[in-house]
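Chain naming here is simple, since letters A, B, ... match the order of the sequence lines and numbering starts at 1 in each.
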2 protein chains.
Amino acid sequence: MTDRPTPPNRRPLTLRDVSEASGVSEMTVSRVLRNRGDVSQATRERVLEASKELGYVPNKIAGALASQRVNLVAVIIPSLSNMVFPEVMTGINEVLDETPLQPVVGVTNYKPEREEKVLYEMLSWRPSGVIIAGLEHSDASKAMLKAAGIPVVEIMDTDGEAIDACVGISHRRAGRKMAQAILKAGYRNIGFLGTKMPLDHRARKRFEGFTEALAKEGVEIADREFYEGGSALAKGREMTEAMLKRTPEIDFLYYSNDMIGAGGLLYCLDQGIDVPGQIGLAGFNGVELLDGLPRQLATMDACRAEIGRAAARIIADRSAEDGEAGGGERIELSPKIAAGDTLKRR
Amino acid sequence: MTDRPTPPNRRPLTLRDVSEASGVSEMTVSRVLRNRGDVSQATRERVLEASKELGYVPNKIAGALASQRVNLVAVIIPSLSNMVFPEVMTGINEVLDETPLQPVVGVTNYKPEREEKVLYEMLSWRPSGVIIAGLEHSDASKAMLKAAGIPVVEIMDTDGEAIDACVGISHRRAGRKMAQAILKAGYRNIGFLGTKMPLDHRARKRFEGFTEALAKEGVEIADREFYEGGSALAKGREMTEAMLKRTPEIDFLYYSNDMIGAGGLLYCLDQGIDVPGQIGLAGFNGVELLDGLPRQLATMDACRAEIGRAAARIIADRSAEDGEAGGGERIELSPKIAAGDTLKRR
DNA sequence: TGCACACATGTTAGCGATAAAGTGAAGCTT
DNA sequence: AAGCTTCACTTTATCGCTAACATGTGTGCA
């Protein structure tokens with residue numbers, strides 16, 4: 001009786017402890033704990049009880065090594081703070097909750113070198129799949145993803161070459177669509193406001209699609225402004241003020257995200273500007289926040305939760321399928337414009 | 001030459017592959033890759049090159065099992081979508097980035113049974129430490145945490161018994177402080193608006209502290225309203241409208257978070273209510289969003305990033321310290337009121 | 001009675017890394 | 001020149017678990 005089995009026990013518990021406590025082999029304990037193979041009801045109960053009594057928590061590290069199976073899905077996203085990725089995560093969770101898989105999140109802050117590091121770190125845990133935002137990655141990252149030999153789903157964006165599967169929307173098309181809607185409403189002097197971040201490829205693509213569609217109608221961006229850091233809402237205000245002062249003939253403001261769009265809207269309302277009569281406004285994303293604004297900002301839903309769900313489903317299906325399969329799935333969702341109250345020329 | 005070493009290789013790479021490719025033992029490769037022990041410059045380079053060439057990614061599962069060391073820190077939080085936890089994460093990352101430790105996030109959605117499951121799952125990976133939100137946990141969760149034999153830091157809240165270390169603010173005191181400030185400003189007909197969630201213990205404690213401090217001055221809450229789900233901004237509007245209609249004599253509204261507070265503020269401004277003359281407003285948290293509002297909402301900073309930093313530092317210190325040590329640290333930060341523009345009786 | 005056959009359990013051999021101990025050659029010391 | 005170190009590796013024995021196979025044991029059927 002060197003040490004009692006219950007609390008003062010310091011050495012971490014192993015299967016052996018449970019097996020000794022319940023008088024069966026380690027293998028049987030393992031079987032019980034994983035609900036696998038034939039075990040009689042009697043021993044099952046005995047083992048379960050012993051296990052609970054001791055407070056045993058299986059060591060997945062050993063389990064994963066032995067079984068060559070890791071029920072983790074690496075999810076690599078640029079940021080948690082802008083509302084869009086938490087919603088993707090919700091979608092992912094929704095689907096994975098019904099599988100043995102578990103998401104593990106890594107955040108890159110839009111920096112390729114961090115992405116590389118995070119990816120390396122995650123792959124070293126040999127996950128069952130990777131869900132990663134964007135189609136743009138460093139060569140090293142791409143090489144790792146290809147070499148990993150596991151399902152890879154690139155999300156959010158479909159404008160480009162995917163490594164394996166891909167789920168998202170075409171941001172270029174989204175930009176075009178918005179441009180068309182704005183032109184159709186009769187606006188002609190259009191300003192663009194967005195993030196400075198050269199590494200936010202999706203914002204860039206939206207901008208490209210936007211200007212392209214305008215150009216097709218012979219319209220050119222009247223002014224543009226980019227910001228970096230700080231409160232997006234406040235920046236939206238400031239930028240809007242600056243732009244309207246600099247280019248008073250502006251009659252429409254297209255924001256690269258809803259948050260700065262909301263700031264702009266608040267500014268316009270403060271100034272007594274007639275929205276959407278004098279100036280129209282539109283953002284991008286369809287964030288929940290907009291519901292509480294004094295006026296509904298025009299925006300475009302990016303299908304975030306659905307992207308998460310679809311991506312998770314691909315991983316789940318592929319890692320369940322016994323007879324291998326899948327690969328190269330490509331799902332392009334179509335975002336819809338919500339015109340709200342700020343995109344209606346009288 | 002059954003299979004070429006480069007891309008068409010399907011079997012996952014191991015140390016052995018690298019060791020064969022570079023002509024040294026697996027052990028030496030391991031040393032090189034971990035920068036440990038004596039290795040000559042020449043072999044080091046040879047190994048590194050072979051490793052890169054093959055695209056080898058070490059298997060941490062095997063490494064962790066062999067070394068009994070896992071450089072993961074489990075971070076368990078209720079939600080990602082309310083702005084507060086992402087900021088805590090930022091603080092945690094800031095500190096852990098300079099250590100070999102890596103955070104792994106689990107989300108509980110404020111449900112104790114999910115907390116239990118997530119915790120079990122994470123502990124089964126034998127992390128080096130746990131950072132977990134709140135002091136209220138199921139008995140089973142507490143038992144697991146105690147039995148794990150690793151540093152545990154409970155964050156956000158200091159009103160209660162901690163299992164091990166604890167970093168946060170006293171929400172009860174925060175509620176009291178706000179009540180005192182409101183009374184001092186001369187308001188007497190105070191309404192409270194918050195979440196329905198009975199499991200948000202911190203909101204509850206704030207409420208308790210708040211009413212307690214009011215009671216001490218003989219003041220009672222004039223009205224209260226709770227919500228659930230939906231856009232917080234929109235809910236703030238609706239609830240404010242409802243309350244002001246129901247209890248017109250209200251002269252102050254205390255919101256349990258800034259988001260609904262912002263909704264209330266927008267509503268009041270829409271209605272042409274004199275803020276803070278006729279009605280004063282205050283929220284809680286100090287979210288960045290507030291900077292862009294037409295008027296600065298009074299609030300109280302919850303020290304979120306600092307909490308994250310302090311918690312991470314405790315874990316980092318303890319898992320670095322060679323001669324063991326630490327345990328039971330307790331850090332109570334003091335939130336400060338930011339009066340903004342909505343808590344000034346003329 | 002004997003044999004196949006499902007059930008309930010036990011045994012053996014790794015999984016891919018690392019800790020710890022071992023080895024041989026060169027360099028110093030006195 | 002024997003003895004002690006140091007250096008630069010290699011060898012061996014796990015880590016805690018699971019896959020795969022081996023072993024009993026009672027049943028049903030011919």
Side-chain angles (χ1 to χ4, degrees), chain A residues 9 11-48 50-51 54-71 100 121 123-128 148-149 322, chain B residues 9 11-48 50-51 54 56-72 100 121 123-128 148-149 322:
Chain A
N9 190 350
R11 178 180 44 70
L13 293 168
T14 73
L15 263 192
R16 153 151 271 115
D17 295 293
V18 183
S19 93
E20 278 168 4
S22 51
V24 295
S25 72
E26 298 175 40
M27 195 61 228
T28 304
V29 177
S30 171
R31 285 212 185 87
V32 171
L33 265 26
R34 289 177 301 144
N35 279 311
R36 225 177 285 286
D38 307 309
V39 182
S40 70
Q41 193 54 32
T43 38
R44 157 165 280 112
E45 275 160 22
R46 206 142 39 84
V47 168
L48 248 24
S51 160
L54 294 174
Y56 172 70
V57 178
N59 185 332
K60 285 219 175 163
I61 296 179
L65 183 62
S67 66
Q68 305 285 359
R69 259 182 280 104
V70 182
N71 289 327
E121 208 67 29
L123 288 181
S124 74
W125 289 99
R126 301 289 188 267
S128 296
D322 323 83
Chain B
N9 190 351
R11 177 181 45 71
L13 293 168
T14 73
L15 265 192
R16 150 150 273 115
D17 296 293
V18 183
S19 92
E20 278 168 3
S22 49
V24 294
S25 72
E26 298 174 39
M27 196 60 227
T28 302
V29 177
S30 171
R31 283 221 186 78
V32 171
L33 264 27
R34 289 178 299 144
N35 280 310
R36 226 177 286 286
D38 307 311
V39 182
S40 71
Q41 192 53 31
T43 38
R44 157 164 280 114
E45 273 161 23
R46 206 141 39 84
V47 168
L48 248 22
S51 160
L54 295 174
Y56 172 70
V57 178
N59 185 332
K60 286 218 176 167
I61 296 179
L65 182 61
S67 66
Q68 305 286 346
R69 257 182 282 105
V70 182
N71 290 326
L72 296 177
E121 207 67 31
L123 287 181
S124 75
W125 288 99
R126 302 288 189 267
S128 297
D322 323 83

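With the nearest nucleotide of DNA chain D identified for both S25(B) and M27(A), S25(B) has the one nearer the 5' end.
In this structure, the CZ atom of R46(A) is 14 Å from the P atom of dA8(C), given to the nearest Å. Summarising the geometry, the separation between CG on D38(B) and P on dA19(C) is reported as 15 Å, rounded to the nearest angstrom. Separating the CD atom of E45(B) from the P atom of dA8(D) is a distance of 14 Å, rounded to the nearest angstrom. The CG atom of L33(A) sits 9 Å away from the P atom of dC17(D) (whole-angstrom rounding).
Looking at heavy atoms from C-beta onward, V32(B) lies out of side-chain contact with V24(B) at the 4.5 angstrom threshold. Taking the side chain as every heavy atom from C-beta outward, L15(A) and Y56(A) approach each other to under 4.5 Å.
Distances shown here put a side-chain N or O of T28(A) below 4.0 Å from the OP1 or OP2 atom of dG10(C). Taking 4.0 angstrom as the limit, T43(B) places none of its side-chain polar atoms (N or O) nearer than this to OP1 or OP2 of dA8(D). Taking side-chain N and O atoms only, S40(B) has no distance below 4.0 Å to OP1 or OP2 of dC7(D).
The side-chain hydrogen bond (donor to acceptor under 3.5 Å, both in side chains) check on S40(B) picks up T43(B), with sequence neighbours excluded. Listed by chain and number, the residues in a salt bridge (Lys or Arg N to Asp or Glu O under 4.0 Å) with R16(A) are E20(A), E26(A) (sequence neighbours excluded). Under the rule for a side chain to side chain contact (heavy atoms under 4.5 Å, CB included), the partners of S124(A) that lie at least two apart in sequence or sit in another chain are V57(B), K60(B). Scanning for side chain to side chain contact (heavy atoms under 4.5 Å, CB included) contacts around A21(B) gives A50(B), L54(B), with sequence neighbours left out. Taking the side chain to side chain contact (heavy atoms under 4.5 Å, CB included) definition, one finds that L65(A) meets it with I61(B), A62(B), L65(B), sequence neighbours left out. Every residue was checked against the side-chain hydrogen bond (donor to acceptor under 3.5 Å, both in side chains) condition with Q68(A), not counting sequence neighbours, and none meets it. Every residue two or more places apart in sequence or in another chain that forms a side-chain hydrogen bond (donor to acceptor under 3.5 Å, both in side chains) with S25(A) is listed here: T28(A).
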Which pairs, protein N/O on one side and nucleotides 24-28 of chain D N/O on the other, fall under 3.5 Å?
none

Protein-nucleic acid N or O pairs under 3.5 Å, nucleotides 22-26 of chain C:
none

Protein N or O to nucleotides 14-17 of chain C N or O, pairs below 3.5 Å:
unit_1, atom_1, unit_2, atom_2, d
dC15(C), O3', Q68(A), NE2, 2.4
dC15(C), O2, L65(A), O, 3.4
dC15(C), O2, A66(A), N, 3.2
dG16(C), N2, A62(B), O, 3.2
dA17(C), OP1, Y56(B), OH, 2.3
dA17(C), OP1, N59(B), N, 3.1
dA17(C), OP2, L15(B), N, 2.3

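Residue pairs meeting the salt bridge (Lys or Arg N to Asp or Glu O under 4.0 Å) criterion with at least one partner in residues 27-37 of chain A, sequence neighbours excluded, are absent.
Note that the CG atom of N59(B) and the CH2 atom of W125(A) stand 8.5 Å from one another [nearest 0.5 Å].
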